[in-house]
Peer 1: 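One structure coming up, written as structure tokens, with questions to follow.
What you are looking at is a predicted structure, and each value in this text was computed from that prediction instead of being measured.
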Amino acid sequence: MYQVKEQDWKLFRRRLPLWQEAHMDKLNQEYIRLLSDEGNASDKFWELEERIRRDKKSVGVVADMRRSQLYSNLLSLLLHEIIREDDLDGFSEELAEALKFVSAQYKLREEQI
């Protein structure tokens with residue numbers, strides 16, 4: 001199990017708001033496209049409501065800010081393509097390599113399904 005290093009925790013706390021802001025901007029653009037599409041206003045309203053309900057559970061919107069959740073938060077951000085592998089630059093090598101390995105294994109498994 002990964003033991004959280006102080007430098008990783010501080011870097012995560014500094015970067016997360018920037019990642020979340022960028023992710024929410026992307027979501028807002030998707031919502032605008034959804035609302036701008038042709039179709040019934042009621043259908044678009046309910047689809048938007050469902051998307052927001054689902055999206056607001058994402059680490060890209062709200063994160064459990066306990067140190068013990070650092071690894072799983074970063075992994076979730078990576079797997080949901082909210083961040084890229086190069087966003088792990090600056091984190092300890094141990095943490096970055098573990099996240100990259102698990103992410104690669106997950107993607108490989110997804111390709112096989």
Peer 1: Kindly give the heavy-atom pair with the smallest separation between Leu75 and Ser103, and that separation in Å.
Peer 2: CD1-N, 4.3 Å

Peer 1: Linking I/L/V/M/F/W/Y whenever their side-chain heavy atoms sit closer than 4.5 Å, directly or via other members, would Leu99 and Phe101 fall into one cluster?
Peer 2: yes

Peer 1: Using a 4.5 Å cut-off on heavy atoms from C-beta on, say whether the side chain of Leu78 contacts that of Tyr106.
Peer 2: no

Peer 1: What distance do Ser72 atom OG and Arg66 atom CZ have between them, rounded to the nearest 0.5 Å?
Peer 2: 8.5 Å

Peer 1: Nearest 0.5 angstrom please: Lys107 NZ to Glu81 CD, how far?
Peer 2: 6.0 Å

Peer 1: With a 6.0 Å cut-off (strictly less than), is the heavy-atom count around CD of Gln105, excluding the residue itself, greater than 12?
Peer 2: yes

Peer 1: Suppose we screen for salt bridge (charged side-chain N to carboxylate O under 4.0 Å, His left out). Which residues come up paired with Asp43, at least two apart in sequence or across chains?
Peer 2: none

Peer 1: Is there side-chain contact between Phe12 and Tyr71, with heavy atoms separated by less than 4.5 Å?
Peer 2: no

Peer 1: If you measure from CH2 on Trp19 to CZ on Arg84, what distance do you get to the nearest 0.5 Å?
Peer 2: 11.0 Å

Peer 1: Strictly by salt bridge (Lys or Arg N to Asp or Glu O under 4.0 Å), give each pair with a member in residues 46-61 just once, sequence neighbours left out.
Peer 2: Glu30-Arg51, Glu50-Arg53, Arg51-Asp55

Peer 1: If we only count heavy atoms from C-beta on, is the Leu11 to Gln7 side-chain gap below 4.5 Å?
Peer 2: no

Peer 1: Determine the minimum heavy-atom distance between Gly39 and Lys44, stating which atoms define it.
Peer 2: O-CE, 3.7 Å

Peer 1: OG of Ser58 to NE2 of His23: how many Å apart, nearest 0.5 Å?
Peer 2: 4.0 Å

Peer 1: Less than 4.5 Å apart, any side-chain heavy atom of Leu88 and any of Ile83?
Peer 2: yes

Peer 1: Please confirm whether the backbone N or O of Ser76 pairs with a side-chain atom of His80, one donor and one acceptor, at under 3.5 Å?
Peer 2: yes

Peer 1: Do Leu16 and Met65 come close enough that some side-chain heavy atom pair is under 4.5 Å?
Peer 2: yes

Peer 1: Looking at Glu6 and Arg67, is there a salt bridge between them, counting it only when a charged N and a carboxylate O are closer than 4.0 Å?
Peer 2: yes

Peer 1: Any side-chain heavy atom of Ser68 within less than 4.5 Å of one from Val4?
Peer 2: no

Peer 1: My understanding is that a hydrophobic cluster links ILVMFWY residues whose side chain heavy atoms are under 4.5 Å apart, including indirect links. Using that, what else belongs to the cluster containing Leu35?
Peer 2: Met24, Leu27, Tyr31, Leu34, Leu48, Ile52, Val61

Peer 1: Does any part of the side chain of Leu70, heavy atoms only, come nearer than 4.5 Å to the side chain of Leu95, both counted from C-beta?
Peer 2: yes

Peer 1: Please report the interatomic distance CG(Leu79) to CG(Leu74), rounded to the nearest 0.5 Å.
Peer 2: 11.0 Å

Peer 1: Kindly work out whether a path of hydrophobic side-chain contacts (I/L/V/M/F/W/Y, heavy atoms less than 4.5 Å apart) joins Leu18 to Ile82.
Peer 2: no

Peer 1: Report the distance from atom NZ of Lys100 to atom CG of Asp86, rounding to the nearest 0.5 Å.
Peer 2: 8.5 Å

